[in-house]
Amino acid sequence: AEDGLYINLSTQKTIKGKEEIEKYFSDFFKTANFSKLEIERIEIVDEKTALEEGKFQLEMDGKPAETHTFKAFFTNKDGTWVLQKVVEKD
């Protein structure tokens, strides 16, 4: 979403807006790689809101993979599910 939000609870980093989030992750993935992604739960809360929970393993700077958890919040805008907010925790 244009007004999307990314929050990392471990680092206290908050990034607002689609362009800023895209820039952050473009730079981030120059040194980091996903090694595993596991969706544990998807819940349709109502016709306009959905929640996804899961975990992923991330390899950075040649170090062993670390497991992180996340919650992703989606909104339904004109029939299309749009990622609105992601909260990450180590």
Side-chain angles (χ1 to χ4, degrees):
E2 292 299 321
D3 59 346
L5 184 63
Y6 165 76
I7 302 169
N8 185 317
L9 295 176
S10 299
T11 64
Q12 301 299 309
K13 179 177 271 313
T14 298
I15 303 170
K16 297 178 183 177
K18 181 179 178 181
E19 288 183 21
E20 290 299 314
I21 293 168
E22 286 177 349
K23 181 182 180 324
Y24 171 77
F25 280 104
S26 176
D27 292 342
F28 180 80
F29 284 114
K30 290 177 182 174
T31 60
N33 294 303
F34 277 111
S35 60
K36 184 178 181 181
L37 174 65
E38 182 179 332
I39 306 302
E40 296 178 327
R41 182 172 85 104
I42 298 174
E43 177 184 351
I44 305 297
V45 178
D46 58 37
E47 64 275 351
K48 295 200 177 260
T49 310
L51 169 65
E52 176 183 271
E53 294 179 299
K55 57 186 168 186
F56 61 93
Q57 289 184 341
L58 191 63
E59 297 173 357
M60 284 189 67
D61 302 322
K63 297 177 184 172
E66 295 180 358
T67 299
H68 302 256
T69 61
F70 71 91
K71 289 184 182 182
F73 300 85
F74 294 83
T75 55
N76 190 326
K77 293 187 178 182
D78 301 320
T80 301
W81 288 100
V82 178
L83 183 58
Q84 188 66 44
K85 176 178 166 183
V86 175
V87 179
E88 177 187 339
K89 184 177 179 187
D90 293 346

Spatial distance of atom CE (Met60) from atom CD (Glu66) [nearest 0.5 Å]: 8.5 Å

With sequence neighbours excluded, residues passing ring-ring contact (aromatic ring centres under 6.0 Å, His included) with Tyr6: Tyr24, Phe25

Euclidean distance, Ile7 CD1 relative to Lys16 NZ, rounded to 0.5 Å: 8.5 Å

Over 12 non-hydrogen atoms of neighbours within 6.0 angstrom of CD in Glu38: yes

Rounded distance [0.5 Å steps], CG in Leu9 versus NZ in Lys89: 7.0 Å

ILVMFWY network linking Phe28 to Val87, side-chain heavy atoms under 4.5 angstrom: no

side-chain hydrogen bond (donor to acceptor under 3.5 Å, both in side chains) partners of Ser26, counting only residues at least two apart: none

Contacts of type salt bridge (charged side-chain N to carboxylate O under 4.0 Å, His left out), residue Lys18, not counting sequence neighbours: Glu2

Inter- and intrachain pairs under salt bridge (Lys or Arg N to Asp or Glu O under 4.0 Å), touching residues 22-35, at least two apart: Lys23-Asp27, Asp27-Lys30

In residues 70-84, what donor-acceptor pairs under 3.5 Å come from side-chain atoms, sequence neighbours left out?
{"from": "Thr75", "atom 1": "OG1", "to": "Gln84", "atom 2": "OE1", "distance (Å)": "3.4"}
{"from": "Asn76", "atom 1": "OD1", "to": "Gly79", "atom 2": "N", "distance (Å)": "2.9"}
{"from": "Asn76", "atom 1": "OD1", "to": "Thr80", "atom 2": "N", "distance (Å)": "3.3"}
{"from": "Gln84", "atom 1": "NE2", "to": "Asp3", "atom 2": "OD1", "distance (Å)": "2.9"}

Lys63: salt bridge (charged side-chain N to carboxylate O under 4.0 Å, His left out) partners, not counting sequence neighbours: none

Name the atoms and distances for all side-chain donor-acceptor pairs under 3.5 Å in residues 49-59, with sequence neighbours left out.
{"from": "Thr49", "atom 1": "OG1", "to": "Asp46", "atom 2": "OD1", "distance (Å)": "3.2"}
{"from": "Glu53", "atom 1": "OE1", "to": "Arg41", "atom 2": "NE", "distance (Å)": "2.6"}
{"from": "Glu53", "atom 1": "OE1", "to": "Arg41", "atom 2": "NH2", "distance (Å)": "2.9"}

